[in-house]
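Presented below is the structure to which this report refers.
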Amino acid sequence: MKELFISFEGIEGSGKSTQAERLYKWLKSKGYDCVFTKEPGGTPVSEKIRNILLDTKNDKLSELAELFLYLADRAQHIKEVIEPALSNGKIVITDRFSDSTLAYQGKGRRIKEEQVKPMNEIATDGIVPDLTILIDILPVEGLKRIKRKDRIELESEDFYQRIRQEYLKIAKENPDRVKVFDGTLPPEKIEKNIREVINPLLKEIN
Ligand code: TMP
């Protein structure tokens with residue numbers, strides 16, 4: 001079996017975590033050797049970084065410090081989880097990866113793309129997902145679905161508009177890698193649509 005790297009992206013409330021988990025369970029049930037992970041988080045060190053990033057008490061965290069923490073989280077995640085799993089021919093599904101940084105820190109926090117991109121490449125060790133599933137939803141719809149808000153989720157709807165636009169731009173620029181799904185559809189329908197995109201890839205790695 002060849003390795004396969006799949007990332008899920010989308011704004012808050014898009015339903016991406018639900019879909020990522022459903023895909024993982026489906027692949028497992030079909031007998032695939034599959035790893036499910038997430039960012040920020042995914043390793044013991046990364047979980048500590050996640051707590052700093054999402055703690056509403058850290059309201060003085062600077063934009064650059066935030067960027068470096070997400071990148072530190074990713075560097076650890078790559079080294080400890082993603083790279084080893086891919087080297088062992090596994091399927092890796094991650095709930096968020098580098099496109100999140102381009103969207104949130106790049107367009108959301110307005111840190112220049114020329115700065116974010118090269119740093120992201122260092123953090124990922126050049127690893128790019130084979131497939132990125134972007135679940136698209138309007139911020140006004142997504143934010144309605146959130147109950148208890150973390151530090152990032154306290155941001156304005158305009159912040160999420162910029163993020164959504166950036167995600168859609170990334171999808172347009174990378175049509176082979178990034179597939180967009182309508183997050184307003186019933187979860188079962190989205191799941192079915194995702195499986196239709198995954199099936200040909202499974203044939204390739206078998
Ligand atoms: P989650 O809600 O999907 O667990 O993600 C946690 C938050 O972290 C979410 O608001 C998006 C944000 N985030 C970034 O701002 N930059 C990143 O690089 C990543 C991975 C997440």
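Both ligands and their constituent atoms are indexed starting at 1 by order of listing.
The pair K25-E21 meets the salt-bridge criterion, with a side-chain N (NZ, NE, NH1 or NH2) lying under 4.0 Å from an Asp/Glu carboxylate O. Taking 4.0 Å as the cut-off between side-chain N and carboxylate O, R22 and E188 count as a salt-bridged pair.
Separation of the Y70 and Y104 ring centroids does not fall under the 6.0 Å cut-off.
With sequence neighbours left out, the side chain to side chain contact (heavy atoms under 4.5 Å, CB included) criterion links E196 to K192, N193. Under the side-chain hydrogen bond (donor to acceptor under 3.5 Å, both in side chains) criterion, T18 pairs with no residue, sequence neighbours left out.
Among residues at least two apart or in separate chains, salt bridge (Lys or Arg N to Asp or Glu O under 4.0 Å) pairs with a member in residues 70-80 are E39-R74.
Within 4.0 Å of ligand 1, protein heavy atoms belong to E12, K16, E39, P40, R50, L54, Y70, R74, R96, S100, T101, Y104, Q105, I152, listed by chain and number.
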